[in-house]
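Below is one structure, written out as structure tokens; comments come after it.
We use all heavy atoms of the structure for the numbers below, so side chains are in, but hydrogens, waters and symmetry mates are not. Values in this document were obtained by computation on a predicted structure and should not be read as measured data.
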Amino acid sequence: MSSLQGKVALVTGSSRGIGAEIARRLAGAGAAVAINYAGNQAAADLLVSEIQGTGGQAIAVKADVGVAADVKSMFDAAINRFGTLDILVNNAGIALYRRIEDTTDAEFDRLLQINVRGVFLTLREAAVRLASGGRIVSLSSSVTRLMMPTYATYSATKSAVEQMSRVFAKEVGARGITVNTVSPGPTNTELFTDGKSEDTIKRLAALSAFNRIGDPADIARLVVFLVGDEAAWITGQNIGANGGMA
């Protein structure tokens with residue numbers, strides 16, 4: 001694994017779950033990390049303390065990724081504290097498991113604001129503020145490869161993230177910036193397990209080749225690879241991290 005010593009990373013939605021594990025592993029590889037949170041300051045501060053306790057550098061930054069002014073302030077905070085920004089990981093997102101006929105306008109709009117507009121706003125900011133030779137990874141979902149009832153609107157937002165990222169890779173490639181997406185399968189996080197029965201989780205685990213759901217570390221390891229030197233020739237790609245489920 002490449003050393004990320006001297007690099008600065010911003011990870012959205014990273015106070016817990018997959019985002020928190022990504023932040024830990026980026027810091028472990030030597031990067032200074034800006035940990036974005038929307039509401040859970042206690043969890044973000046705890047993660048900052050954890051990283052600093054192992055000799056790393058980290059700050060917590062509150063921002064709603066669906067609000068342009070917040071996104072600008074988030075970039076400002078990272079750059080003002082660390083002097084530059086080399087790595088952007090778009091992890092923030094919300095999920096909705098509901099049939100289309102039962103989905104309200106407000107629910108649909110909220111999904112678009114966080115999952116699609118949030119990525120659009122960070123990519124737009126990164127287009128002019130990410131250092132040349134930088135790395136961008138946005139999280140999608142393996143449900144974009146499936147036809148699972150109740151996942152239509154969520155899957156649609158993640159498909160938009162994939163397509164924006166592909167096009168953006170061409171737009172910023174001249175500056176040596178890579179842009180990729182990672183599509184986790186079912187992963188053991190609060191976002192995924194909330195409201196699901198043990199039988200449902202077992203059924204979804206059985207879709208993988210390993211008969212288990214993923215762990216945040218399974219996703220974080222791939223992200224750390226993609227932001228390192230070894231992945232400099234990989235861009236515009238969507239990589240599944242799902243244990244072979246799709």
Side chains of Val179 and Lys170, heavy atoms from C-beta outward: is any pair under 4.5 Å? no
More than 12 heavy atoms of other residues, nucleotides or ligands under 6.0 Å from NZ of Lys202: yes or no? no
Evaluate the ring planes of Tyr97 and Tyr154, with Trp represented by its six-membered ring, and classify them as parallel (under 30°), tilted (30 to 60°) or perpendicular (over 60°). perpendicular
State, to 0.1 Å, how close Val65 and Ala92 come at their nearest heavy-atom pair, and which atoms those are. CG2-CB, 4.1 Å
Looking at side-chain heavy atoms only, is the closest gap between Arg110 and Ile94 below 4.5 Å? yes
Enumerate donor-acceptor pairs with a distance under 3.5 Å from any side-chain N or O in residues 117-131 to protein atoms, sequence neighbours excluded.
{"residue": "Arg117", "atom": "NE", "partner": "Gly66", "partner atom": "O", "Å": "2.9"}
{"residue": "Thr122", "atom": "OG1", "partner": "Asn90", "partner atom": "OD1", "Å": "2.7"}
{"residue": "Thr122", "atom": "OG1", "partner": "Asn90", "partner atom": "ND2", "Å": "3.2"}
{"residue": "Thr122", "atom": "OG1", "partner": "Gly118", "partner atom": "O", "Å": "3.4"}
{"residue": "Thr122", "atom": "OG1", "partner": "Val119", "partner atom": "O", "Å": "3.0"}
{"residue": "Glu125", "atom": "OE2", "partner": "Arg129", "partner atom": "NH1", "Å": "3.1"}
{"residue": "Arg129", "atom": "NH1", "partner": "Asp76", "partner atom": "OD1", "Å": "2.8"}
{"residue": "Arg129", "atom": "NH2", "partner": "Asp76", "partner atom": "OD1", "Å": "2.7"}

Is there side-chain contact between Phe225 and Ile234, with heavy atoms separated by less than 4.5 Å? yes
Tell me whether Thr157 contacts the main-chain N or O of Asn115 through its side chain, where contact means a donor paired with an acceptor under 3.5 Å. no
In short, Leu47 meets Ala23 closest at the heavy-atom pair CD2-CB, 4.1 Å
Report yes or no: does Ser14 contribute a side-chain atom to a donor-acceptor pair with the main-chain N or O of Asn36 at less than 3.5 Å? yes
Are Val161 and Val182 connected, step by step, through hydrophobic side chains (Ile, Leu, Val, Met, Phe, Trp, Tyr) whose heavy atoms are closer than 4.5 Å? no
Which residues satisfy the side chain to side chain contact (heavy atoms under 4.5 Å, CB included) test with Thr153, sequence neighbours excluded? Leu96, Thr103, Phe108, Leu111
Taking Thr235's backbone N and O only, do any of them form a donor-acceptor pair with Gln237's side chain (distance below 3.5 Å, no angle check)? yes
Output the distance between atom CG (Asp102) and atom OG1 (Thr150), rounded to the nearest 0.5 Å. 10.0 Å
Straight-line distance of Gln52 CD to Glu50 CD, nearest 0.5 Å: 11.0 Å
List the atom of Ala220, the atom of Glu21, and the distance in Å for their closest heavy-atom pair. CB-CG, 3.7 Å
Would you say the side-chain atoms of Asn180 pair up with the backbone N or O of Asn238, donor to acceptor, closer than 3.5 Å? no
For Ala246 and Ser142, which heavy atoms make the closest approach, and how far apart are they? CB-O, 4.3 Å
Hydrophobic clustering (ILVMFWY, side-chain heavy atoms < 4.5 Å, transitive) - are Leu46 and Val48 grouped together? no
Between Ser73 (side chain) and Ala69 (backbone), is there a donor-acceptor pair under 3.5 Å? yes
Can you find a pair of side-chain heavy atoms, one from Ile87 and one from Leu10, that are under 4.5 Å apart? no
What are the two closest heavy atoms between Ile114 and Gly93, and how far apart are they? CG2-CA, 3.9 Å
CD1 on Ile177 to OG on Ser132, rounded to 0.5 Å: 6.0 Å
Please test Val11 against Ile35 for side chain to side chain contact (heavy atoms under 4.5 Å, CB included), starting from the C-alpha separation and ending with a verdict. CA-CA 6 Å; Val11 186; Ile35 295 164; over 6 Å; no
If two hydrophobic side chains count as joined below 4.5 Å and joins carry through other members, does Phe82 share a cluster with Leu88? yes
Taking the side chain as every heavy atom from C-beta outward, state whether Thr104 and Arg98 have any atom pair closer than 4.5 Å. no
Around Asp105, counting heavy atoms of other residues, nucleotides and ligands shown, do more than 12 lie under 6.0 Å from its CG? no
Could you work out, with side chain to side chain contact (heavy atoms under 4.5 Å, CB included) as the rule, every residue matching Ser159, not counting sequence neighbours? Thr144, Ser155
Interatomic spacing from CE in Met74 to OG1 in Thr12 - rounded to 0.5 Å: 6.5 Å
Side-chain touch Arg25/Arg221, heavy atoms, less than 4.5 angstrom: yes
Any ring-ring contact (aromatic ring centres under 6.0 Å, His included) involving residues 168-187? Give me the pairs, sequence neighbours left out, ordered by first then second residue. none
Taking Lys158 for its side chain and Leu139 for its backbone only, find out whether a donor-acceptor pair lies under 3.5 Å. yes
With distance as the sole test, does Asn91 use its side chain to make a donor-acceptor pair with the main-chain N or O of Ile18 at under 3.5 Å? no
Of the non-hydrogen atoms in Thr187 and Pro216, which two are nearest, and what is the gap between them? CG2-N, 3.7 Å
Any side-chain heavy-atom pair of Leu204 and Met245 under 4.5 Å: no
Should Ile219 and Val89 be counted in the same cluster of Ile, Leu, Val, Met, Phe, Trp and Tyr side chains packed under 4.5 Å apart? yes
Holding to side chain to side chain contact (heavy atoms under 4.5 Å, CB included), I want the full list of residues that pass it with Ile100, two or more places apart in sequence or in another chain. Ala152
Tell me whether Asp218 contacts the main-chain N or O of Asp215 through its side chain, where contact means a donor paired with an acceptor under 3.5 Å. yes
Does some side-chain heavy atom of Val33 sit less than 4.5 Å from a side-chain heavy atom of Arg24? no
Cut-off 3.5 Å, no hydrogens considered: what does the side-chain donor-acceptor table look like for residues 54-61, sequence neighbours left out?
{"residue": "Thr54", "atom": "OG1", "partner": "Ile51", "partner atom": "O", "Å": "2.9"}

I'd like to know if Tyr151 and Ile213 are part of one continuous hydrophobic network [Ile/Leu/Val/Met/Phe/Trp/Tyr, side-chain heavy atoms within less than 4.5 Å]. yes
Give a yes or no on this: more than 12 heavy atoms of other residues, nucleotides or ligands lie within 6.0 Å of atom CZ of Arg99. no
Under the side chain to side chain contact (heavy atoms under 4.5 Å, CB included) test against Leu226, which residue among Thr178, Ile239, Thr181 passes? Ile239
